[in-house]
Amino acid sequence: MISSSRSQIRRLFAGAMIVVVAALLCAASFKAFAQDAPHPFSRGGEQGVSKGEPAAGSVTGEASFLARIYRFSTAFQKEIRERMTEFAREMKNEPFGRSCALFLFFAFLYGVVHAIGPGHGKSVVASYFFCRPGGLSHALLMANMVTFIHVLSGALVVAVLAIIFPAVRQTQFDMVVPPIARISYSLMIAVGAYLLVISLRTVRRKEPEEEGIPPGRGSLSHLFATAIVAGLIPCPGAALILMFSMLLGILPQGILAMLFIALGMGVTTSAVAVASILFKGFALSLARGSSNSFTFVYAGFELLGALMIMAFGSLMLIGSF
Amino acid sequence: MPRRHSRESDTLIVQRSVSIISVFSCALALLVISGSAHAHPHVFVDAKVEFLFDGTGLAGLREEWVFDGMTSEWMKADYDADKDGAFKAAELKKIESEMFDSLKAERYFHRVVVDGRECPVTGASGFSAAVVKGRVAFRFFVPVRVSGSAKKRSVKLRLEDPSIYTDFVFSKDTPSLAGERQRFSTEFKRSGGAQPDGRYIPETIELRFRKRP
C-alpha cells in the first residue's frame with residue numbers, strides 16, 4: 001500500500017515538474033515575443049533610452065544560453081542579408097541566373113534563421129498543441145499555415161503601400177503594422193478563450209483524448225482559426241526583403257523570395273510544433289500509470305495551452321498601446 | 001457515496017490545475033512585461049570607436065558607423081539624389097537632419113558609465129557621411145569629458161538600441177586611441193553581457209586610464 005502510494009506521489013511529482021518545465025519553456029519564448037519597434041533613425045525620439053534601460057552596474061557578465069542563441073541568430077541573419085544584397089545587386093545584370101538561385105537559397109536560409117528569433121507564431125503553435133490533439137501532419141500543416149499567412153500578410157501590406165506611395169519605405173510599413181497586430185492580438189484572446197472553454201469541458205468530462213488521434217472536423221477548424229489569427233501579423237523581415245527587391249527593380253525575384261522565406265520559416269515553426277506534440281506525449285506517457293496523475297497532467301496541458309494563447313494575446317494587446 | 005467522492009475528487013483536480021496554471025500565468029505575465037524590449041534587429045551597424053585624448057584627459061569618442069548593405073541601399077536611394085555614389089553638401093545636410101539628429105533623444109544609442117556613474121551623452125558634432133565599398137558610413141564625434149589623474153579612471157561604453165531595431169557590433173579594430181594618449185597609461189577590456197532574464201546585451205568596452213607621473 002505504502003509502496004503504491006509513494007509511486008503515485010512520485011508520478012504526480014514527475015508530471016507536475018514536466019508541466020512546470022513546459023510552462024517555463026513557453027514563457028521563455030513568450031517573453032521574447034514582442035512587436036517590432038519603429039525605425040529609430042526616423043522616429044524623432046518617440047522612444048527614449050530610458051525605456052528598459054539596465055542599471056549602470058549590469059554592463060558586463062557572461063551571456064546566458066538564450067542570449068547566445070539570440071546572438072547567433074542575429075549574426076547569422078546579418079551575414080545572410082549581406083549575401084542577399086550582393087546577389088540582388090548582381091541580378092540587375094543577370095536577372096534569372098546563378099545569382100537568382102543563390103538569392104532564393106539564402107531567402108530560404110533567412111526564413112529558417114529569422115523564425116528562430118522572437119515572434120512568428122512559434123509560441124502560439126506550441127501552446128495550441130498543448131491543449132488540442134494532433135499528429136505530425138497537423139503540426140506540419142499548422143506551422144506552415146502560420147508562416148505562409150504571416151509572410152503573405154507582410155507582402156500584402158507592402159503591395160497596398162506600393163499602390164499608395166511612389167516609394168515604399170520601412171517607416172510606412174511600421175505605421176501600418178500596429179493596428180493589424182492589435183486585431184490579431186484581439187482575435188487571439190477570443191480564440192484562446194474559446195479553446196479554454198473547450199479544455200474546461202474536456203477536463204470536467206474527464207475524457208482525455210488520446211494523442212496521435214486525428215482531430216475531427218471541429219478540431220481542424222480550431223487549428224485553422226488559430227493559425228490564421230497567429231499568422232495575421234505582417235512579417236517585417238519578409239516585407240523588408242520585398243521592399244528591397246522593389247528598390248533594386250527585381251520584383252519578380254522578390255515575390256519568389258517570399259515563397260522561399262515562408263518555406264524556411266515553416267521548417268523552424270514545424271520543428272517547434274513537433275517538439276510540442278512529442279513533449280506532451282512524453283509527459284502523458286510518464287503519468288499514464290496512475291489515473292489521478294494522468295488526469296492531473298492532462299488537465300494541466302489542456303488549460304495551460306489555452307491560457308497561454310489568451311495571456312499572450314492580452315499582454316501583447318496591452319503592450320501595443 | 002462513491003459517486004460523490006469521485007465528483008469531489010474531480011473538482012479537486014480541476015481546482016489544483018487551475019491554481020497551478022494561474023501561478024504559471026502570473027509568472028508568464030511578469031516575464032512578458034519584463035522582456036518587452038525584445039524584437040528583431042533590422043539595421044546592422046559595425047561601429048569603430050576611437051578614444052580621443054587631449055592634455056587634460058579623455059576628450060571624447062571619434063566614431064564611424066558602417067551600415068549593412070541593405071540599409072545602405074535605402075539610404076543611397078533616398079539621399080544620393082544625383083546617384084553619383086557620394087553625398088554632396090546638400091545631401092549630407094538632409095541625412096543629418098532626417099537620420100542623425102533624430103538620434104539625439106536616444107543619446108545616439110550610447111551608454112556611457114564613468115567610474116560607475118551613468119554619464120548621459122547630450123550631443124554629437126562633426127557629422128559626415130560617405131559611401132565606402134557600397135556601404136554607407138556615418139562619422140561623428142561624441143564629447144565625453146573625463147579628466148585624467150593619478151587615480152585610475154574607468155569609462156565603460158556600450159552602443160545599444162533599447163528597441164533592438166538596430167544591432168551594434170564593435171569592429172575588430174575597436175577600441176583605438178588618438179590624440180595626446182602618451183600622457184596617460186591605458187588598458188582596455190571588452191566583454192559581452194546578459195541580463196538575469198537572459199536578454200542579450202551588446203558588447204561593452206571599458207577603458208581604464210591614469211595620468212603618467
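Naming convention: chains lettered A, B, ... in sequence-line order (proteins, then strands); numbering from 1 in each chain. When reading the values below, keep in mind they use all heavy atoms of this one structure, side chains included, and skip hydrogens, waters and symmetry mates.
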When B:D68, B:D101, B:V169 are compared by non-hydrogen pairs under 4.5 Å with chain A, the top option: B:D68
Any donor-acceptor N or O pair under 3.5 Å, side chains B:E63, B:Y108: no
Option passing ring-ring contact (aromatic ring centres under 6.0 Å, His included) with B:W65 (candidates B:F138, B:F44, B:F140, B:F127): B:F140
Using non-hydrogen atoms only, which part of [X] is less than 4.5 Å away from chain B: side chain, backbone, both, or neither?
{"X": "A:M243", "value": "both"}
{"X": "A:L247", "value": "side chain"}
{"X": "A:L248", "value": "side chain"}

side-chain contact (heavy atoms from CB on, under 4.5 Å) evaluation trace for B:K189 with B:I205: CA-CA 6 Å; B:K189 190 180 162 192; B:I205 289 176; over 6 Å; no
B:F209 ring center near B:F51 ring center (under 6.0 Å): no
